[in-house]
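Below is one structure, written out as structure tokens; the observations come after it.
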Amino acid sequence: MTTPEHALAADDLQHAVRLCLATLRGASAAGTAADWQRPAGSLTWSCWETAEHLADDLFAYAVQIGLEAPPLDTEVPFLWTRRREGGPANVTFADPAAGVPGLLQVVESCGSLLTALVRTAPADRRSYHCHGVSDPAGFAAMGIVEVLVHTHDIALGLGVPWTPPAGLCARTLTRLFPDAPTDTDRWPTLLWATGRGDLEGHDRLTSWRWHAEVRDAGE
């Protein structure tokens, strides 16, 4: 059975993906296909590659919780490949012939896949992630971080604004970044926690990770 926590996580993930798509589709309508070959923020990947990576993250999290007996020590063994040296290693890629609309359909479909599995997977299901064995709500939270920060990266590259709701950021910080400051604005704090921004009173992070493992109530 799912729990209220899992239902909320699925709702939050669906909301994050919809906000992402609204922003990127708006940027696509106002720009050109060439814009998507610009670097995505501080990343070495293009905006197109970063969107493909985002879709692939969502797909990868979905398949980890899609098995009745998921692995606890490794990823599901899909074959990862790179389209170019230095590009993201993905299972899923968008067909360039489909253009940016097709790319964003790939993001939407992978987001929908993860959302559906978070809603339907048993709450006590556990599966491997390199930052800790996690549950469906944890994989939803990881998906939300991927959506929020990679939309940020792409938005920087395309020159469009992107500020997600504080509540989404707050719930994700609570689930995955238990050591993050709690008395600061939530979106800047999430950017700081993922090595993407400064936060007054705190040193900028040069390395970072989240904590995917399921914690006991009250931790």
Side-chain angles (χ1 to χ4, degrees), residues 7-33 35-43 45-63 88 90-96 98-119 136-173 175-177 185-197 210:
L8 177 61
D11 289 347
D12 275 350
L13 175 61
Q14 183 178 55
H15 186 42
V17 171
R18 285 174 173 170
L19 292 173
C20 159
L21 291 168
T23 295
L24 299 185
R25 283 174 175 149
S28 176
T32 67
D35 294 339
W36 287 76
Q37 299 310 312
R38 297 175 186 166
S42 62
L43 304 183
W45 302 333
S46 69
C47 293
W48 179 286
E49 289 174 326
T50 303
E52 283 186 324
H53 168 76
L54 168 57
D56 196 69
D57 283 334
L58 299 172
F59 172 85
Y61 297 160
V63 300
N90 294 351
V91 173
T92 61
F93 293 93
D95 182 354
V100 175
L103 171 66
L104 297 181
Q105 284 182 340
V106 171
V107 173
E108 181 176 5
S109 64
C110 291
S112 296
L113 180 63
L114 178 56
T115 299
L117 279 162
V118 171
R119 288 195 198 281
F139 279 96
M142 290 186 271
I144 292 166
V145 172
E146 302 285 4
V147 171
L148 299 187
V149 302
H150 285 314
T151 304
H152 165 78
D153 298 330
I154 298 167
L156 285 177
L158 298 177
V160 296
W162 166 251
T163 303
L168 269 180
C169 301
R171 288 186 287 277
T172 305
L173 283 163
R175 178 63 178 81
L176 297 178
F177 299 94
D185 289 344
R186 299 294 78 196
W187 175 227
T189 303
L190 184 57
L191 289 175
W192 172 85
T194 55
R196 286 171 167 79
W210 58 53

For this session: Tell me, please, which residues at least two apart from Arg171 pass salt bridge (charged side-chain N to carboxylate O under 4.0 Å, His left out).
Result: Asp12
Exercise. Which pairs, with at least one residue in residues 13-26 and sequence neighbours excluded, count as a side-chain hydrogen bond (donor to acceptor under 3.5 Å, both in side chains)?
Worked result: Gln14-Arg119, Arg25-Glu108
Exercise. Rounded to the nearest 0.5 Å, how far apart are CG of Leu191 and CG of Asp185?
Worked result: 11.0 Å
For this session: For Ser28 and Val100, work out which heavy atoms get closest and say how close.
Result: OG-CG1, 3.3 Å
Problem set entry | Minimum-distance pair of heavy atoms, taken over all atoms of Thr172 and Ala141 | CG2-O, 3.7 Å
Problem set entry | From Leu103 atom CG to Thr50 atom OG1, the distance as rounded to the nearest 0.5 Å | 10.0 Å
For this session: Measure across Val17 and Gly111 and return the closest heavy-atom pair with its distance rounded to 0.1 Å.
Result: CG2-CA, 4.2 Å
Exercise. Which atoms form the tightest heavy-atom contact between Leu19 and Pro165, and what is the distance?
Worked result: CD1-CD, 3.5 Å
Exercise. Quick one: salt bridge (charged side-chain N to carboxylate O under 4.0 Å, His left out) partners of Asp153, sequence neighbours excluded?
Worked result: Arg196
Problem set entry | Sub-4.5 Å side-chain heavy-atom contact between Pro164 and Thr151 | no
Problem set entry | Contacts of Phe93 that satisfy ring-ring contact (aromatic ring centres under 6.0 Å, His included) - sequence neighbours left out | none
Exercise. For Asp35, what residues pass the salt bridge (charged side-chain N to carboxylate O under 4.0 Å, His left out) criterion, not counting sequence neighbours?
Worked result: Arg38
For this session: Please step through side-chain contact (heavy atoms from CB on, under 4.5 Å) for the pair Asp57 and Leu114, ending with a clear verdict.
Result: CA-CA 10 Å; Asp57 283 334; Leu114 178 56; over 6 Å; no
Problem set entry | Heavy-atom closest contact (Ala55 atom, Val106 atom, distance) | CB-CG1, 3.8 Å
Seminar exercise, completed: Those residues at least two apart in sequence (or on a different chain) that pass side-chain hydrogen bond (donor to acceptor under 3.5 Å, both in side chains) with Trp187 are none
Exercise. Quick one: ring-ring contact (aromatic ring centres under 6.0 Å, His included) partners of Trp45, sequence neighbours excluded?
Worked result: His53
Problem set entry | Spacing of Leu13 atom CG and Thr115 atom OG1 [to the nearest 0.5 Å] | 3.5 Å
For this session: Start with the C-alpha gap between His150 and Leu43, add the side-chain angles, then the distance that decides, and say whether side-chain contact (heavy atoms from CB on, under 4.5 Å) holds.
Result: CA-CA 10 Å; His150 285 314; Leu43 304 183; 4.2 Å; yes
Problem set entry | Leu190/Phe177 under side-chain contact (heavy atoms from CB on, under 4.5 Å): CA gap, chis, key distance, verdict | CA-CA 9 Å; Leu190 184 57; Phe177 299 94; 3.9 Å; yes
For this session: Output all residues satisfying ring-ring contact (aromatic ring centres under 6.0 Å, His included) with Tyr61, sequence neighbours left out; order by chain, then residue number.
Result: His129, Phe139
Only distances under 3.5 Å count here; give the side-chain donor-acceptor pairs of residues 156-163 to other protein atoms, sequence neighbours excluded, each with its distance to 0.1 Å.
{"unit_1": "Trp162", "atom_1": "NE1", "unit_2": "Leu148", "atom_2": "O", "d": "3.0"}

Problem set entry | Of all pairs that satisfy salt bridge (Lys or Arg N to Asp or Glu O under 4.0 Å), the ones with a partner from residues 159-168, not counting sequence neighbours | none
For this session: Verify, without hydrogens or angle tests, whether Glu52 (side chain) and Ala94 (backbone) share a donor-acceptor contact under 3.5 angstrom.
Result: yes
Exercise. Atom CG in Leu21, atom CD in Gln105: separation rounded to 0.5 Å?
Worked result: 10.0 Å
Problem set entry | Sequence-distant partners of Glu146, salt bridge (charged side-chain N to carboxylate O under 4.0 Å, His left out), two or more places apart | none
Seminar exercise, completed: Applying side-chain hydrogen bond (donor to acceptor under 3.5 Å, both in side chains) to Thr194 and not counting sequence neighbours gives none
Exercise. Any idea which heavy atoms bring Ala51 and Val107 closest together, and the distance?
Worked result: O-CG2, 3.6 Å
Problem set entry | Nearest-0.5 Å distance that lies between atom CD1 in Ile144 and atom SG in Cys20 | 12.5 Å
